Engineer: 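Sharing a structure, written as structure tokens. Questions coming.
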Amino acid sequence: MLTVVVVTALGILALVTRAGVLLVERAYPAQGRMVEVEGAVLHIVELGPRDAAGPPVVMLHGASSNLEAMRQPVGERLAKSHRVLLIDRPGHGWSKRARLDDSTPEVQGRMIDEALRKLGIGRAVLVVHSWAGALGLRMALDYPERVAALVMLAPVAYSWPGGVGRYNMLAAMPVVGPLLAHTITLPLGLFVVAPGARGVFFPQVMSEGYVGDTATKLLLRPREFLANARDLVTLKAAVAEQAPRYAAIKAPITIISGDADKTVSTHIHSRPLAAAAPNARLIVLPGVGHMVQNAAPDLVVSEAEAMIATMAPAAAAVAN
């Protein structure tokens with residue numbers, strides 16, 4: 001009898017999840033174009049003038065989010081005078097990847113580089129947040145001809161003590177992960193997504209409309225939830241492998257982090273990176289948490305524009 005009750009409950013939750021996915025996707029439809037690459041289809045939103053002076057800006061979001069987290073408030077402001085490309089990382093937002101195991105910065109960097117090449121993008125300034133910090137660094141190592149400069153916001157760069165949360169470990173497990181993702185994740189997540197986002201903002205206060213404005217509920221879909229968990233579970237080993245090479249990065253780097261960040265420690269990540277990369281500059285904001293682009297958008301925009309300005313003469317020389 002207990003087995004029947006459990007199976008029935010799981011069946012009902014699975015139906016609720018399927019209906020919830022349809023409603024969430026209808027509420028937050030894709031806004032850009034799809035670019036097919038090896039192993040994935042990437043969703044890319046382009047903003048700003050295509051003929052703007054200087055290199056284009058490519059913005060890459062962190063874990064548990066999508067490109068909308070970079071559009072507001074920084075992306076749209078940069079797009080007033082620069083070409084900006086917002087990319088859903090493989091498996092996130094409206095981007096899809098064929099294999100959950102394609103979760104590392106190395107693989108995702110290869111996919112993004114291929115997409116940019118297909119779009120005719122040459123050298124670009126990468127603005128990266130959190131998990132995508134490791135991705136931006138990997139691209140600077142593997143595709144130096146693509147990465148003109150990096151503006152890094154609270155970036156992950158090194159291995160850290162501890163794990164990535166028990167629920168992510170469970171979600172990354174065979175059988176258990178898909179079972180959770182297709183039954184309880186979405187119904188339960190609707191109640192915890194806003195409190196979870198508020199925790200990432202701390203000590204700053206999250207705006208009331210943030211979850212809706214950034215389509216955060218897309219994360220609760222089974223395929224994206226599983227991809228996000230896999231990204232987090234494999235990240236620690238990935239950065240441990242690539243970190244010894246940071247001294248070889250020639251691109252200029254601006255790092256902006258908060259000294260109150262409890263999600264990605266500035267002491268563990270940003271400070272050692274600034275010491276290791278030869279052309280890195282670190283800005284530490286007192287009293288600022290993990291969501292740097294929301295806490296200090298004026299600074300992020302000005303630092304990105306300053307980086308673009310230094311790249312513009314070189315881009316013009318290449319064009320001539």
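Predicted, not measured: the structure shown is a model, and the values here were computed from it.
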Engineer: Taking Thr183 for the side chain and Ala14 for the main chain, is one N or O donor matched with an acceptor at less than 3.5 Å?
Structural biologist: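 No, the answer is negative, given that no donor and acceptor are paired below the 3.5 Å cut-off.
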Engineer: Salt bridge or not for Glu76 and Lys80, using N-O below 4.0 Å?
Structural biologist: no
Engineer: Determine whether a donor-acceptor pair (N or O, by modelled atom type, separation under 3.5 Å) exists between the side chain of Glu224 and the backbone of Gly93.
Structural biologist: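 Yes; at least one donor-acceptor contact below 3.5 Å.
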Engineer: Hey, are the side chains of Val127 and Val58 touching, using non-hydrogen atoms and a 4.5 Å cut-off?
Structural biologist: no
Engineer: Is Leu67 linked to Leu85 within one hydrophobic cluster, defined over Ile, Leu, Val, Met, Phe, Trp and Tyr using a side-chain heavy-atom separation of less than 4.5 Å?
Structural biologist: no
Engineer: Going through the checks in order, is the side-chain contact (heavy atoms from CB on, under 4.5 Å) test met by Leu220 and Leu190?
Structural biologist: CA-CA 8 Å; Leu220 303 177; Leu190 292 174; 3.8 Å; yes
Engineer: Under a 4.0 Å threshold between the charged nitrogen and the carboxylate oxygen, would Arg99 count as salt-bridged to Asp102?
Structural biologist: yes
Engineer: Determine, step by step, whether Glu46 and Arg83 satisfy the salt bridge (Lys or Arg N to Asp or Glu O under 4.0 Å) criterion, reporting the C-alpha distance in whole Å, the side-chain angles of both residues, the deciding distance to 0.1 Å, and the verdict.
Structural biologist: CA-CA 7 Å; Glu46 291 196 48; Arg83 185 181 183 186; 2.8 Å; yes
Engineer: What distance separates Asn66 CG from Ser95 OG, expressed to the nearest 0.5 Å?
Structural biologist: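 If we round to the nearest 0.5 Å, Asn66:CG and Ser95:OG are 9.5 Å apart.
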Engineer: What verdict does the side-chain contact (heavy atoms from CB on, under 4.5 Å) test give for Leu170 and Leu180, after you've listed the backbone C-alpha separation in whole Å, the side-chain angles of each residue and the deciding distance to 0.1 Å?
Structural biologist: CA-CA 8 Å; Leu170 289 172; Leu180 293 174; 4.0 Å; yes
Engineer: Would you kindly confirm whether Val239 and Val264 end up in one hydrophobic cluster when ILVMFWY residues are joined by side chain heavy atoms under 4.5 Å apart?
Structural biologist: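 Yes, it is one cluster - the side chains of Val239 and Val264 are joined through contacts under 4.5 Å.
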Engineer: Distance from Ile249 atom CD1 to Asn279 atom CG, nearest 0.5 Å?
Structural biologist: 10.0 Å
Engineer: So, taking the atom named NE2 in His43 and the one named NZ in Lys96, what distance separates them when rounded to the nearest 0.5 Å?
Structural biologist: 11.5 Å
Engineer: Check whether Trp94 forms a cation-pi arrangement with Arg89 (NZ or CZ under 6.0 Å from the six-membered ring centre, at most 45° off the ring normal).
Structural biologist: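 Here Arg89 fails the 6.0 Å and 45° test against Trp94.
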Engineer: Is it true that Arg77 and Asp298 have a side-chain N and a carboxylate O under 4.0 angstrom from each other?
Structural biologist: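 Judged by the 4.0 Å cut-off on N to carboxylate O distance, Arg77 and Asp298 do form a salt bridge.
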Engineer: Nearest 0.5 angstrom please: Gln242 CD to Leu135 CG, how far?
Structural biologist: 9.0 Å
Engineer: Going by atom types alone, do Gln108 and Asp231 pair a side-chain donor with an acceptor below 3.5 Å?
Structural biologist: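 Indeed, the side chains of Gln108 and Asp231 share at least one donor-acceptor pair under 3.5 Å.
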Engineer: Determine whether Asp259 and His267 satisfy the following criterion, side chain to side chain donor-acceptor pair (under 3.5 Å), listing intermediate values before the conclusion.
Structural biologist: CA-CA 8 Å; Asp259 67 1; His267 177 71; over 6 Å; no
Engineer: Determine, step by step, whether Arg123 and Val147 satisfy the side-chain contact (heavy atoms from CB on, under 4.5 Å) criterion, reporting the C-alpha distance in whole Å, the side-chain angles of both residues, the deciding distance to 0.1 Å, and the verdict.
Structural biologist: CA-CA 6 Å; Arg123 291 173 65 74; Val147 181; over 6 Å; no
Engineer: If you measure from the Lys or Arg side-chain nitrogens to the Asp or Glu carboxylate oxygens, is any gap between Arg110 and Asp142 under 4.0 Å?
Structural biologist: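 Salt bridge: no.
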Engineer: Identify whether the distance between the nearest side-chain nitrogen and carboxylate oxygen of Arg221 and Glu25 falls below 4.0 Å.
Structural biologist: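 The answer is yes: the pair qualifies as a salt bridge.
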Engineer: If hydrophobic clusters are built by linking Ile, Leu, Val, Met, Phe, Trp and Tyr wherever their side-chain heavy atoms come under 4.5 Å apart, do Met111 and Val128 end up in the same one?
Structural biologist: yes
Engineer: Quick one: does Val41's side chain get under 4.5 Å of Val35's, heavy atoms only?
Structural biologist: no
Engineer: Salt bridge or not for Asp88 and Arg97, using N-O below 4.0 Å?
Structural biologist: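 Salt bridge between Asp88 and Arg97, a charged N being under 4.0 Å from a carboxylate O: no.
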Engineer: Could you walk me through whether Leu282 and Ile256 satisfy the side-chain contact (heavy atoms from CB on, under 4.5 Å) test, starting with their C-alpha distance in whole Å, then the side-chain angles of each, then the deciding distance to 0.1 Å, before giving a yes or no?
Structural biologist: CA-CA 6 Å; Leu282 174 62; Ile256 308 174; over 6 Å; no
Engineer: Give the cluster check for Val211 versus Tyr28: same hydrophobic cluster or not, with ILVMFWY residues linked at side-chain heavy-atom distances below 4.5 Å.
Structural biologist: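 Not linked; separate clusters.
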Engineer: Between Glu241 and Arg138, does any side-chain N to carboxylate O distance fall below 4.0 Å?
Structural biologist: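 Answer for the salt bridge query: yes.
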Engineer: Would you say that Glu38 contacts Glu114 through its side chain, given a criterion of any heavy-atom pair below 4.5 Å between the two side chains?
Structural biologist: yes
Engineer: Quick one: sort the Tyr158 and His269 rings into parallel, tilted or perpendicular, breaks at 30° and 60°.
Structural biologist: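 Answer is tilted, since the angle falls between 30° and 60°.
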Engineer: Any donor-acceptor pair under 3.5 Å linking the side-chain atoms of Thr234 with those of Ser103?
Structural biologist: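 Yes, side-chain donor-acceptor contact under 3.5 Å.
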Engineer: Do Pro105 and Leu137 have side chains that approach each other closer than 4.5 Å (heavy atoms only, starting at C-beta)?
Structural biologist: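 No. Closest side-chain heavy atoms not under 4.5 Å.
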Engineer: Is Met152 linked to Ile112 within one hydrophobic cluster, defined over Ile, Leu, Val, Met, Phe, Trp and Tyr using a side-chain heavy-atom separation of less than 4.5 Å?
Structural biologist: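 Hydrophobic grouping puts Met152 with Ile112.
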Engineer: Considering all heavy atoms of both residues, which atom of Ile253 and which atom of Met307 are nearest to each other, and what is their separation?
Structural biologist: C-CE, 4.1 Å
Engineer: Check for a donor-acceptor pair, side chain of Lys217 on one end and backbone N or O of Gly212 on the other, with a separation under 3.5 Å.
Structural biologist: no
Engineer: For His129 and His290, I'd like to know if the aromatic rings sit close, meaning centre-to-centre distance below 6.0 Å.
Structural biologist: yes
Engineer: With distance as the sole test, does Thr8 use its side chain to make a donor-acceptor pair with the main-chain N or O of Val4 at under 3.5 Å?
Structural biologist: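 Yes: the side chain of Thr8 pairs with the backbone of Val4.
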Engineer: How close do Gly54 and Ile308 get, counting heavy atoms only, and between which atoms?
Structural biologist: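 Smallest interatomic distance, heavy atoms only, reads CA-CG2, 4.4 Å.
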Engineer: List the atom of Ile268, the atom of Ser159, and the distance in Å for their closest heavy-atom pair.
Structural biologist: CG2-O, 3.7 Å
Engineer: What's the spacing between Met59 CE and Ile44 CD1 if we round to 0.5 Å?
Structural biologist: 14.5 Å
Engineer: One thing to verify: whether Arg281 and Glu303 come together as a salt bridge, which I'm taking to mean a side-chain N less than 4.0 angstrom from a carboxylate O.
Structural biologist: yes
Engineer: Classify the ring geometry between Phe201 and Tyr210 as parallel (under 30°), tilted (30 to 60°) or perpendicular (over 60°).
Structural biologist: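 Ring orientation, 0 to 90° scale: perpendicular.
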Engineer: Which distance, rounded to the nearest 0.5 Å, do you find between the CG of Leu235 and the CG of Asn168?
Structural biologist: 11.0 Å
